Undergrad: 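I'd like to ask you about the structure that follows.
One-based numbering along the sequence shown. Everything quoted here is computed from the prediction, not taken from an experiment.
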Amino acid sequence: MNSLKSLYYPGTTICSTSQYPLFLLFPNLYLLSIAESNIHGNRTQAIDSFIKSGYCQVHTPIPLGKDLERFIHLVNDLKNRKDDYASQLSNLTLAAMSTPGQNSADSRQEIVSSLLGESQLLPHKNGDEKKLQLWQARLVLAIGEILDQEEEEIALQLALLKDEEAELFNELQGKSVEFLEENPFEELSLILDNINPPSRGNTKKRFLSWKQLYNEGNIPAYDLLLTTSQDAADLIFESYEKKTDKTAVDLGQLSLPATVGTNEEDGLQAVHAFHKVDTELINTFADKLLQLKNSDSLQGSIDFESKLSSFSGSWEHHLEAHFPAKEFGRIPLAVYGFTDMSCPSLLEDGYLATDQNNGLMVIAETSSKRN
């Protein structure tokens with residue numbers, strides 16, 4: 001059984017088919033949730049099937065409890081209302097992340113007052129400031145989810161329009177329109193070509209909000225950090241180097257399909273089929289990473305074998321058999337290690353090097369240029 005457990009960051013949901021390939025190598029994926037239930041109204045959670053199948057577990061560090069309905073109401077306002085209230089509140093939330101001093105506290109008070117319907121917050125009460133910060137963090141993450149979803153929906157519509165324009169152009173020129181077999185990679189590429197990824201600044205704001213929620217605890221033990229954003233990974237690298245004067249250890253690269261299906265049902269079936277046939281191969285990968293995590297000398301263990309080179313050939317062969325590159329594309333998957341620095345320590349603000357297990361981070365940048 002695959003015992004490798006991964007914590008996804010800084011996203012709080014899996015909302016795109018481009019993220020489904022992660023489950024091929026990381027079937028025990030943890031997600032931090034903004035709230036203890038769906039905050040997006042009637043929209044079905046994009047990964048319900050993966051959760052029910054046991055590939056993904058969602059954890060809420062600190063549930064909203066009696067404030068859940070109020071938070072959901074605000075999220076719906078942010079998503080659906082087109083008046084100044086929604087735009088001002090969202091701008092206030094994002095701006096407050098980088099505003100120091102009294103202005104920041106005032107901004108947080110204004111946000112939470114709007115959320116809770118309170119005319120005034122009493123700053124001298126214990127817990128008020130922390131509550132304000134957590135509300136703000138949840139809002140930033142919720143806005144991030146909304147923007148990601150809207151960006152993908154717009155990109156999908158643009159891709160469909162371009163496809164229809166090409167068909168119409170061929171018809172006007174008297175060319176016959178051939179109906180080719182469905183190609184998931186081409187469909188995904190059309191969508192990704194029209195998506196504007198988050199700026200580095202917004203990625204940092206989302207990461208800081210995610211980390212604030214994470215540090216409330218209630219997260220089960222895990223073995224590695226997993227991200228699809230190079231910018232988010234760079235924030236971990238920079239923090240580690242600043243605190244330790246060391247650089248992360250490059251443990252090698254593999255590849256993943258750019259997609260495993262055009263929708264959740266197809267993706268889940270593809271992941272199921274792959275795991276059924278290649279369980280031993282996936283477990284071998286997990287064992288290699290766990291060995292590196294527990295190594296007494298991560299730097300000293302970096303040789304040809306430990307850089308995943310011996311695994312890579314077999315992996316690529318099996319990958320091509322299930323997901324041919326021509327049809328499903330490829331994205332790079334990079335593995336890094338942090339000597340004597342566990343993953344939880346990497347996410348602490350004031351960590352120091354210890355004799356704990358080594359930290360591991362995997363980057364599978366879904367927005368990188370496809371080959």
Side-chain angles (χ1 to χ4, degrees), residues 6 8-11 13-27 29 31 46-47 49-50 55-56 148-149 151-160 162-163 166 180-198 203 224-233 252-275 277-278 281-282 285 308 311-336 361-371:
S6 314
Y8 185 75
Y9 84 98
T13 188
I14 303 290
C15 61
S16 171
T17 57
S18 66
Q19 295 165 294
Y20 295 165
L22 298 176
F23 295 109
L24 295 177
L25 277 176
F26 307 99
L29 186 64
L31 278 172
I47 52 166
S49 297
F50 287 96
Y55 291 120
C56 183
D148 286 347
Q149 186 66 38
E151 189 73 37
E152 179 128 345
E153 288 173 355
I154 292 170
L156 175 59
Q157 293 304 315
L158 288 173
L160 291 173
K162 288 183 179 180
D163 195 38
L180 302 175
E181 264 188 54
E182 188 180 77
N183 188 312
F185 175 52
E186 288 184 1
E187 293 183 22
L188 177 64
S189 296
L190 281 173
I191 295 172
L192 292 173
D193 286 344
N194 291 289
I195 287 182
N196 297 312
T203 297
L224 62 86
L225 294 170
L226 175 62
T227 186
T228 56
S229 167
Q230 182 63 53
D231 284 342
Q253 286 200 359
L254 298 172
S255 60
L256 281 176
T259 182
V260 293
T262 56
N263 54 57
E264 183 181 353
E265 183 179 355
D266 290 346
L268 181 63
Q269 289 178 357
V271 171
H272 269 322
F274 187 79
H275 279 267
V277 174
D278 287 309
L281 185 69
I282 299 163
F285 172 75
L308 304 178
F311 176 80
S312 177
S314 179
W315 170 253
E316 296 297 337
H317 174 75
H318 284 254
L319 206 59
E320 185 64 24
H322 286 272
F323 305 101
K326 186 176 180 181
E327 183 179 354
F328 293 91
R330 292 291 184 267
I331 59 171
L333 184 147
V335 184
Y336 290 89
M361 179 170 67
V362 173
I363 311 167
E365 193 176 14
T366 58
S367 61
S368 60
K369 187 176 180 181
R370 269 69 179 166
N371 27 15

Undergrad: Enter the distance from Leu22:CG to Thr228:OG1 here, rounded to the nearest 0.5 Å.
TA: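 Between Leu22 CG and Thr228 OG1, I get 7.0 Å after rounding to 0.5 Å.
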Undergrad: Report the distance from atom CZ of Phe23 to atom CD1 of Ile282, rounding to the nearest 0.5 Å.
TA: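 Those atoms lie 13.0 Å apart.
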Undergrad: Only counting residues at least two apart or in another chain, list the ones meeting salt bridge (Lys or Arg N to Asp or Glu O under 4.0 Å) with Asp231.
TA: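 If we apply the salt bridge (Lys or Arg N to Asp or Glu O under 4.0 Å) test to Asp231, skipping adjacent residues, the hits are Arg200.
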Undergrad: Treating Gln19 as the side-chain partner and Ser16 as the backbone partner, does any N or O pair qualify as donor plus acceptor under 3.5 Å?
TA: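 Yes.
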Undergrad: Could you tell me if the side chain of Phe50 sits less than 4.5 Å from the side chain of Val271, heavy atoms only?
TA: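 They are in contact (side-chain heavy atoms under 4.5 Å apart), so the answer is yes.
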Undergrad: Quick check for you: to the nearest 0.5 Å, what is the distance between Leu25 atom CG and Leu226 atom CG?
TA: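 Interatomic distance, Leu25 CG to Leu226 CG, rounded to 0.5 Å: 10.0 Å.
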Undergrad: Within this structure, what is the CG-CZ distance for the pair Leu224 and Phe26, rounded to the nearest 0.5 Å?
TA: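 Rounded to the nearest 0.5 Å, the CG-CZ separation comes out at 6.0 Å.
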Undergrad: Distance alone, cut at 3.5 Å: any donor-acceptor contact between the side chains of Ser255 and Glu316?
TA: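 Yes, a side-chain donor-acceptor pair sits under 3.5 Å.
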Undergrad: Which heavy-atom pair separates Pro10 from Ala232 by the least distance, and what is that distance?
TA: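 Heavy atoms of Pro10 and Ala232 come nearest at CD-CB, 3.6 Å.
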Undergrad: Quick check: do Phe285 and Trp315 have side-chain heavy atoms less than 4.5 Å from each other?
TA: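 No. Closest side-chain heavy atoms not under 4.5 Å.
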Undergrad: Just to verify, what does Tyr9 make a ring pair (Phe, Tyr, Trp, His ring centres under 6.0 Å) with, not counting sequence neighbours?
TA: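 With sequence neighbours excluded, Tyr9 shows a ring pair (Phe, Tyr, Trp, His ring centres under 6.0 Å) to Phe207, Trp210, given in chain and number order.
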Undergrad: Under the ring pair (Phe, Tyr, Trp, His ring centres under 6.0 Å) test, which residues partner His322, sequence neighbours left out?
TA: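 Applying ring pair (Phe, Tyr, Trp, His ring centres under 6.0 Å) to His322 gives Phe274.
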Undergrad: Considering non-hydrogen atoms only, spot the tightest contact between Val260 and Ala270 and give its length.
TA: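 In this case the closest contact between Val260 and Ala270 is O-CB, 3.4 Å.
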Undergrad: Which label fits Tyr55 and His275: parallel for a plane angle under 30°, tilted from 30 to 60°, or perpendicular past 60°?
TA: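 Tilted.
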Undergrad: For Ile331, is there any backbone N or O sitting under 3.5 Å from a side-chain donor or acceptor partner on Glu365?
TA: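 No, the answer is negative, given that no donor and acceptor are paired below the 3.5 Å cut-off.
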Undergrad: Pairing donors with acceptors under 3.5 angstrom, does anything connect the side chains of Ser229 and Thr227?
TA: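 There is no such pair (donor and acceptor under 3.5 Å, judged by atom type) between the side chains of Ser229 and Thr227.
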Undergrad: Which atom pair, heavy atoms only, marks the closest approach of Thr17 to Gly261?
TA: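 So the two residues come closest at CB-O, 3.7 Å.
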Undergrad: Nearest 0.5 Å, what's the NE2-CZ distance between His318 and Phe323?
TA: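 Taking NE2 in His318 and CZ in Phe323, the distance rounds to 13.0 Å.
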Undergrad: Got a second to check how far Leu333's CG is from Ser312's OG, nearest 0.5 Å?
TA: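 Going from CG on Leu333 over to OG on Ser312, the span is 10.5 Å.
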Undergrad: Which pair of non-hydrogen atoms, one from Leu31 and one from Tyr8, has the smallest distance, and what is that distance?
TA: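 Smallest interatomic distance, heavy atoms only, reads CD2-CD2, 3.4 Å.
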